[in-house]
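Count residues from 1 along the sequence. Keep in mind the model is a prediction, meaning the values are calculated, not measured. Order of listing sets the numbers, starting from 1, for every ligand and every atom in it.
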Amino acid sequence: MIIIMERGAAQENINKVVELLKQNEFKTKVNVGDLYTVIEGFGDKTTLTPGRIAALDGVKEVKTIREPYRLASRDRKEEDTVIGFSNGVKIGGDNRPVAMVGPCSVEEDYDGLLKVALAAKEMGCEFLRGGAFKPRTSPYDFQGLEEKALKYLKKASEETGLLTVTEIMDAGDLELICDYVDVLQIGARNVQNFKLLKAVGKCSRPVILKRGLSSTIQEFLLAAEHIMYNGNSQVILCERGIRSFDSTFTRNVMDIAAVPVIKKYSHLPVIVDPSHGTGQRYLIEPMAKAGLVVGADGVMIEVHHDPEHASSDGKQSLPIPLFKEVMNRINCLTDRLHYDKNCLSVNIE
Ligand code: PEP
Ligand code: MN
């Protein structure tokens with residue numbers, strides 16, 4: 001840590017900082033300049049947070065050298081995390097990017113879900129995703145079929161061999177959801193629901209963690225850290241767009257740069273969700289491709305058998321014929337991509 005004291009800080013205040021560092025087994029060095037004193041502290045105790053030092057009188061600024069998200073950081077683990085599944089599918093590292101597709105909400109019509117699942121399978125996708133517990137802005141909107149949806153997902157998975165993903169909103173549903181699906185999703189609205197992060201941290205299922213509507217990248221990585229700190233290192237980060245001042249043309253601003261930034265600072269796999277990232281059907285293909293070109297380990301795309309009558313997010317859902325065309329072109333691109341770790345980007349051959 002680097003602690004910059006206020007101009008002309010009292011010796012007593014400088015001593016207090018040094019004492020606190022030493023109590024926490026930090027090696028210290030005090031640099032006295034003409035105007036400012038700068039204290040260097042080298043140590044590994046997580047108990048001594050920058051906030052505790054910043055609260056001392058006379059401290060102007062505290063800078064940490066290590067990233068605050070320790071387990072998620074590349075400082076801790078240089079090589080990419082790869083998450084594997086029993087059927088051989090792998091996410092992360094040099095593995096081929098995956099595709100997670102399906103309706104925003106699983107609906108009463110099982111055949112509709114099956115049509116999407118069969119199309120996903122045909123197009124080489126690995127995961128069927130669908131909401132059972134829906135986080136809706138309005139209480140009047142469709143809230144999800146809950147266990148019935150989980151049963152549908154499992155049935156569609158048994159019929160197609162696809163792995164399944166669904167969102168968890170309440171830690172109390174964890175056991176139930178784990179009985180039916182392979183991967184848990186924590187949605188943008190729950191990225192800082194720390195009890196929920198802790199609960200999924202204690203289970204052994206991979207977790208897709210979506211970036212919050214106003215999460216900084218650091219806050220996003222610290223949310224992942226909560227899951228990892230509680231014991232689950234199988235975290236997949238998902239860039240799904242953030243709120244900004246202009247929502248005239250797109251629902252959110254999809255932060256493409258977040259992909260290589262996160263890959264530089266973290267070893268965790270990153271996927272992109274252009275459906276929520278843009279809210280526009282016509283933007284899904286270009287933004288999915290953009291995400292892949294900057295190194296995403298997968299894409300999440302909403303697909304519906306009848307988007308005009310979807311219970312949620314119909315506007316951003318691809319109808320099956322268009323999905324097949326788009327996925328075909330995404331697959332052509334994916335076939336030619338080679339991730340280059342040194343320049344944090346992808347070569348197209
Ligand atoms: C979803 O995946 O359907 C969803 C609600 O996503 P987000 O949390 O990114 O809004
Ligand atoms: Mn949705």
Shortest non-hydrogen separation from [X] to [Y] and the atoms involved:
| X | Y | value |
| --- | --- | --- |
| Ser244 | Val253 | CB-CG2, 3.5 Å |
| Met287 | Pro274 | CB-CB, 3.7 Å |
| His338 | Arg336 | CD2-O, 3.4 Å |

Stepwise side chain to side chain contact (heavy atoms under 4.5 Å, CB included) test for Val32 and Ile14: CA-CA 10 Å; Val32 184; Ile14 296 170; over 6 Å; no
Does either side chain, that of [X] or that of [Y], offer a donor lying less than 3.5 Å from an acceptor on the other one?
| X | Y | answer |
| --- | --- | --- |
| Gln316 | Arg251 | yes |
| His276 | Glu302 | yes |
| Glu325 | Asn328 | no |
| Ser105 | Ser312 | yes |

From CA spacing to verdict: side chain to side chain donor-acceptor pair (under 3.5 Å), Asp111, His305: CA-CA 9 Å; Asp111 287 344; His305 66 287; over 6 Å; no
With nothing but distance in play, are any N or O atoms of [X] less than 3.5 Å from an N or O of ligand 1?
| X | answer |
| --- | --- |
| Glu167 | no |
| Gln185 | yes |
| Met300 | no |

Protein heavy atom at shortest distance from [atom]:
| atom | value |
| --- | --- |
| atom 8 (O) of ligand 1 | Ala188 N, 2.7 Å |
| atom 9 (O) of ligand 1 | Arg240 NE, 2.6 Å |
| atom 6 (O) of ligand 1 | Lys210 NZ, 2.9 Å |

Residue and atom, protein N/O/S, under 2.8 Å of the Mn ion (ligand 2):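 Counting only protein N, O or S atoms under 2.8 Å from the Mn ion (ligand 2), the list reads Cys104 SG, His276 NE2, Glu302 OE2, Asp313 OD2.
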Contact partition for Arg129 relative to ligand 1, non-hydrogen atoms under 4.0 Å: side chain
Hey, which atoms in ligand 1 end up nearer than 4.0 Å to a heavy atom of [X]?
| X | answer |
| --- | --- |
| Glu302 | 3 (O) |
| Cys104 | 3 (O) |
| Gly187 | 8 (O) |

Sub-4.0 Å heavy-atom approach of Gly131 to ligand 1: no
Ligand 1 contacted by Arg211 (non-hydrogen, < 4.0 Å):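 No.
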Stepwise side chain to side chain contact (heavy atoms under 4.5 Å, CB included) check, Thr334 with Arg329: CA-CA 9 Å; Thr334 306; Arg329 292 191 289 265; over 6 Å; no
Arg211 and its side chain to side chain donor-acceptor pair (under 3.5 Å) partner, picked from Asp273, Thr216, Asp255: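 Testing each of Asp273, Thr216, Asp255 against Arg211, the sole residue satisfying side chain to side chain donor-acceptor pair (under 3.5 Å) is Asp255.
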Pick from Gln316, His276, Arg136: the one approaching atom 1 (C) of ligand 1 most closely through a non-hydrogen atom: His276
Within the 6.0 Å centroid threshold, strictly below: Phe127 and Phe85: yes
